[in-house]
Chemist: 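Okay, handing you the structure first.
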There are 2 protein chains.
Amino acid sequence: MDKTPSSRSARSTTEPRQGAQAIRRALAVLRILAAGRETGVPLAEVVQATGLTRPTVHRIVHVLIEEGIVERHGKSGRYAIGNQVPELALARPRPSPLLVAANPSLRRASADIGDTLFLTVRTGNDTLCVDRRIGAYPIQVLSIEVGARRPLGVSSAGVAILAAMPAQDARKIVAANEKRFEAYRTDAGTVLAQVTAARRRGYGMREIGLVQGTKSISTWIKTPDGRPAAAMTVSAVRTRLGPRREQEVVDVLQREARAIEQNIRSGLG
Amino acid sequence: MDKTPSSRSARSTTEPRQGAQAIRRALAVLRILAAGRETGVPLAEVVQATGLTRPTVHRIVHVLIEEGIVERHGKSGRYAIGNQVPELALARPRPSPLLVAANPSLRRASADIGDTLFLTVRTGNDTLCVDRRIGAYPIQVLSIEVGARRPLGVSSAGVAILAAMPAQDARKIVAANEKRFEAYRTDAGTVLAQVTAARRRGYGMREIGLVQGTKSISTWIKTPDGRPAAAMTVSAVRTRLGPRREQEVVDVLQREARAIEQNIRSGLG
DNA sequence: GGTTCTTGTCCATATTATGGACAAGACGCC
DNA sequence: GGCGTCTTGTCCATAATATGGACAAGAACC
């Protein structure tokens with residue numbers, strides 16, 4: 001479609017290091033594959049999402065296969081993250097500081113609310129679900145699993161995180177994700193409107209969740225330097241989140257979000 | 001030292017895809033950084049281990065920092081695997097098949113032997129410790145932790161894995177790791193001699209462990225296609241592993257190694 | 001204030017990655 | 001079977017990219 005190199009050269013204030021186009025492209029490919037989880041992603045979709053040409057993606061993906069970073073699923077021919085990635089990840093100490101800092105709050109909030117609770121971090125231009133707690137209420141929204149990765153803006157958590165950052169930065173991210181929105185049946189304009197609404201409201205919300213009949217509410221969690229690092233989300237069947245209960249849920253979420261921020265600051269995380 | 005490009009071009013039968021030198025180099029750098037765990041690795045050491053030039057490594061490392069794949073430790077200036085790597089790893093289902101297949105055997109063997117037990121996999125030219133069980137005996141060798149990564153050949157597990165593959169392949173790996181051996185005070189010749197001895201003996205052994213006064217014994221575990229995928233290792237203070245006990249330990253390890261192979265074949269893993 | 005480490009940067013150059021065009025399968029439809 | 005329409009895979013001339021020698025700038029030590 002549009003393979004404008006201008007979008008690449010339209011760099012902002014901080015000058016990015018050059019002489020590594022290929023490496024950056026390979027990482028872009030990897031991040032798209034990560035969004036495909038175990039199922040994987042067909043080549044064409046990687047091409048579409050990255051805006052690279054097919055020969056280039058093909059070459060990158062196959063080199064990564066040779067290196068064990070990417071795997072190809074036998075029957076479907078889809079590409080997915082390979083087993084060397086978790087192996088590399090073992091180099092880092094296991095429990096992430098955020099997870100430690102958030103753990104007590106997630107437990108409390110889950111007990112108070114009773115619906116499914118998600119902790120979602122920002123990673124680059126994506127959201128990544130890193131924790132999920134199932135509540136006591138018999139109907140639970142379990143569609144999103146730990147490891148789920150989506151472009152910032154398509155989920156209530158993503159909207160919340162965008163709403164918590166300077167409008168300028170949010171716009172930049174939305175623009176960067178534009179090519180990927182189409183797969184989620186949305187577009188940059190819609191996302192930006194939702195972000196503005198969330199900013200005004202003080203929390204993120206989606207009346208129509210990515211799953212039919214569900215509703216989600218998200219609060220943002222900022223690092224000490226004021227930038228949003230994560231979101232805490234409640235998802236439930238829509239009927240369970242009327243106006244009154246919405247406010248209750250928001251109160252709990254915001255209380256716990258502040259508690260997590262406090263934990264991070266005090267180095268508990 | 002010798003920056004011979006011939007060692008790069010001396011390819012074997014399977015023709016490697018080209019047009020991605022930079023990506024391969026970036027991955028080589030990443031694997032060296034992974035061996036440095038949390039502590040990280042100074043730039044010079046990456047240069048030495050990869051055989052790349054300093055400007056090249058510098059450029060690669062800094063691009064990876066911009067991308068969040070690598071981190072730089074404040075005070076020391078050392079480079080280490082960044083937090084985006086575990087994030088990418090979340091795309092894969094959590095417990096590795098091998099770990100599942102090996103779990104009961106590790107428990108049994110640990111109970112029978114009482115000394116520290118390690119499960120180590122091969123990943124490329126490295127060994128990677130993926131599980132560790134602490135035994136009942138009061139003195140335990142805990143030097144190696146889950147996530148520890150070393151060039152194939154320097155540990156008893158690495159020697160065992162090399163011994164279990166065709167001599168030709170083992171030689172190729174040893175040659176590829178040559179630059180890195182020096183940091184472990186060994187060399188290709190010594191390693192190859194140990195591999196030959198292990199092959200004859202039927203298991204890997206190190207009288208002088210990487211830690212002073214310890215001794216290690218390793219058996220290999222093969223995948224159904226006959227290639228070694230992992231090793232099971234017992235480490236203990238040397239005095240505890242005299243000839244008689246060595247044979248006992250070997251018997252247990254080999255029994256459980258076969259059990260694990262059986263589990264893998266029957267799809268339990 | 002020199003000496004010897006380390007890491008960081010520049011830039012002309014040739015090597016490398018690029019992508020347009022074409023090929024080869026796979027699947028469904030008539 | 002033949003034909004259209006998917007998908008993925010490959011080639012190779014070319015431009016753009018990554019390369020590394022040489023030089024610079026700190027940091028630590030004496």
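Just so you know, these numbers use all the heavy atoms, side chains as well, and skip hydrogens, waters and symmetry mates. Below, chains carry the letters A, B, ... as their sequence lines are ordered, and counting in each starts from 1.
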Chemist: Check whether the side chains of B:T190 and B:D187 place a donor and an acceptor atom closer than 3.5 Å, and report yes or no.
Modeler: yes
Chemist: Would B:S216 and B:S235 count as having a side-chain donor-acceptor pair, cut-off 3.5 Å?
Modeler: yes
Chemist: Any side-chain heavy-atom pair from A:P55 and A:H58 closer than 4.5 angstrom?
Modeler: no
Chemist: So do A:N83 and A:E71 actually touch side chain to side chain, heavy atoms under 4.5 Å?
Modeler: yes
Chemist: Would you check if the side chain of B:R72 reaches a backbone N or O of B:G77 as a donor-acceptor pair within less than 3.5 Å?
Modeler: yes
Chemist: Polar atom pairs between nucleotides 4-9 of chain D and protein, under 3.5 Å, N or O only, would you list them?
Modeler:
{"from": "D:dT8", "atom 1": "OP1", "to": "A:L43", "atom 2": "N", "distance (Å)": "2.9"}
{"from": "D:dT8", "atom 1": "OP2", "to": "A:A44", "atom 2": "N", "distance (Å)": "3.3"}
{"from": "D:dT8", "atom 1": "O3'", "to": "A:R72", "atom 2": "NH2", "distance (Å)": "3.3"}
{"from": "D:dT8", "atom 1": "O4", "to": "A:R54", "atom 2": "NH2", "distance (Å)": "3.2"}
{"from": "D:dG9", "atom 1": "OP1", "to": "A:R72", "atom 2": "NH1", "distance (Å)": "2.3"}
{"from": "D:dG9", "atom 1": "OP1", "to": "A:R72", "atom 2": "NH2", "distance (Å)": "3.4"}
{"from": "D:dG9", "atom 1": "OP2", "to": "A:H58", "atom 2": "NE2", "distance (Å)": "3.2"}
{"from": "D:dG9", "atom 1": "OP2", "to": "A:H62", "atom 2": "NE2", "distance (Å)": "3.2"}
{"from": "D:dG9", "atom 1": "OP2", "to": "A:Y79", "atom 2": "OH", "distance (Å)": "2.6"}
{"from": "D:dG9", "atom 1": "O5'", "to": "A:H58", "atom 2": "NE2", "distance (Å)": "3.2"}
{"from": "D:dG9", "atom 1": "O6", "to": "A:R54", "atom 2": "NH2", "distance (Å)": "2.4"}

Chemist: A:R132 side chain to A:I144 main-chain N or O, any donor-acceptor pair under 3.5 Å?
Modeler: yes
Chemist: What's touching nucleotides 13-17 of chain C from the protein side, N or O pairs under 3.5 Å?
Modeler:
{"from": "C:dT16", "atom 1": "OP1", "to": "B:Q21", "atom 2": "NE2", "distance (Å)": "2.7"}
{"from": "C:dA17", "atom 1": "OP1", "to": "B:Q21", "atom 2": "N", "distance (Å)": "2.5"}
{"from": "C:dA17", "atom 1": "OP1", "to": "B:A22", "atom 2": "N", "distance (Å)": "2.7"}
{"from": "C:dA17", "atom 1": "OP2", "to": "B:A20", "atom 2": "N", "distance (Å)": "2.8"}
{"from": "C:dA17", "atom 1": "OP2", "to": "B:Q21", "atom 2": "N", "distance (Å)": "3.0"}
{"from": "C:dA17", "atom 1": "O5'", "to": "B:G19", "atom 2": "O", "distance (Å)": "3.4"}

Chemist: Is there a side-chain contact between A:R180 and A:Q48 in this structure, where contact means two heavy atoms from C-beta onward sitting under 4.5 Å apart?
Modeler: no
